[in-house]
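In what follows, chains carry the letters A, B, and so on, assigned in the order in which the sequence lines appear, proteins first and then strands, with residues in each chain numbered from 1. The basis for the numbers below is simple: all heavy atoms, side chains too, and nothing from hydrogens, waters or symmetry mates.
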Amino acid sequence: MPELPEVETLAADLRPQLVGRTITGCEVRFRAIVRHPDPERFTAELVGRTIQAVSRRGKYLLHHLDGPPGEDTLLVVHLGMTGQWRCVKQDAPEPDHLHAVLALGDGCQLRYRDVRRFGRLLLGSEPELVAARKLPRLGPEPLDPGFTAASLYRRLHDRRAPLKALLLDQMVVAGVGNIYADESCFRAGVRPNRPANGLSRRAIGRIHAALGTLLSEAIANRGSSVDSYRDAWGEMGREQELLQVYGRGGEPCLRCGRPLSVVRLAGRTTVFCRRCQR
DNA sequence: TTAAATTCCTGTAAGC
DNA sequence: TGCTTACAGGAATTTA
């Protein structure tokens, strides 16, 4: 599923395809995919806009649109579990589960496809979307220089929830999902069910360092294709080949050989090594 | 305020 | 073989 590295890869690939292009049409086929505003206003306010920049915040893909000075209107795409967002020729064969199509003129389309329909499309400025509770107040970017071990410690030290639950909380840190939460805990040698307020500065420092190296490595490898994730060209990433615990429950730990444990934590399947993670 | 449980959704795989 | 059932999970929502 698309987490920070996957969305970062998608943003980088789409940027040269989309910047400077004008949206000339919009067809919403599955209304519930558009979360703000209603599909009619979404369509009316989108058509005629030009994409000026493409960026990422957490797991959200942001298209910055032209508009009145001082107002940063965003087309926001969240891929959920199985969302795909691609720019293709309009005569390309239509896949199933196609929920929205934006025309870009000159024969190209931006298509939103999503089998499980957990994804969403939003239109508006960031303050507007936050005020409407359509966008959460996201925590810091884990690859931002301002995100330090000390700042992560401050966010975790007084929380009783399990470490992993907080790593998944987008208000604590933005962009981490189930794959990179499990992998960072393994790399840091910390058990994901440890209450955060019982963790030493040292342990949180290891989590911070693991997040940085892991997410950077995953971006360099164009993300993990463990489910249906594909990049802007429909190609798989390579990071899934380097995952050490995610999806490997019951298999031998790559560090010590002991079978990896599987538990349910924060509603998610969680894999860890009882020997290597304390 | 915080934490945990529930809900949405469909393809896949396991079990009978 | 063919049917039923459990499972996968991001985040909004509900409950405690």
Counting primed atoms, P, OP1 and OP2 as sugar-phosphate and everything else as base, the B/S/- map of nucleotides 11-16 of chain C against protein heavy atoms under 4.0 Å is BS----

**Prompt:** For C/dC7, does either OP1 or OP2 sit under 4.0 Å from a side-chain N or O belonging to A/T269?
**Reply:** no

Residues 199-225 of chain A vs salt bridge (Lys or Arg N to Asp or Glu O under 4.0 Å), sequence neighbours excluded, gives A/D13-A/R222, A/R187-A/E217, A/R222-A/D231

Separation of B/dA4 atom P from A/R264 atom CZ, nearest Å, is 14 Å

Here the distance between atom P of B/dT1 and atom CZ of A/R159, to the nearest Å, is 12 Å

- Task: Report which part of the nucleic acid A/P2 touches: base, sugar-phosphate, or nothing (heavy-atom distance under 4.0 Å, all strands).
- Result: nothing

Applying side chain to side chain contact (heavy atoms under 4.5 Å, CB included) to A/Q52 and not counting sequence neighbours gives A/D66

Whichever of A/R160 and A/D96 has the more 5' nearest nucleotide on DNA chain B, that residue is A/R160

Salt-bridge contact A/R113-A/D96 (side-chain N to carboxylate O under 4.0 Å): yes

Item to complete: Answer yes or no: is there an ion pair linking A/R31 with A/E40, defined by an N-O contact shorter than 4.0 Å?
Response: yes

Looking for any heavy atom pair under 4.0 Å, which part of the strands does A/M1 touch: base, sugar-phosphate only, or nothing? sugar-phosphate

- Got a salt bridge between A/E94 and A/R29, using NZ or NE/NH1/NH2 to carboxylate O under 4.0 Å? yes

message = With a cut-off of less than 4.0 Å, is there a side-chain N or O of A/R116 near OP1 or OP2 of C/dA8?
response = no

Separation of C/dG10 atom P from A/I33 atom CD1, nearest Å, is 16 Å

Original post:
Is it true that A/E3 and A/K59 have a side-chain N and a carboxylate O under 4.0 angstrom from each other?
Top reply: no

Quiz item: Can you check whether A/Y246 has a side-chain N or O nearer than 4.0 Å to OP1 or OP2 of C/dG9?
Solution: yes

- Task: Anything under 30° is parallel, anything over 60° is perpendicular, the rest tilted; go ahead and classify A/H78 against A/Y60.
- Result: perpendicular

Rounded to whole Å, CZ of A/R155 lies from P of B/dA3 at a distance of 14 Å

A/L156 atom CG is separated from B/dT2 atom P, nearest whole Å, by 13 Å

In whole angstroms, the gap separating C1' of C/dG9 from CG of A/D182 amounts to 12 Å

Whole-Å distance, A/Q84 CD to C/dG10 C1', equals 17 Å

Rounded to whole Å, CZ of A/F118 lies from P of B/dG11 at a distance of 13 Å

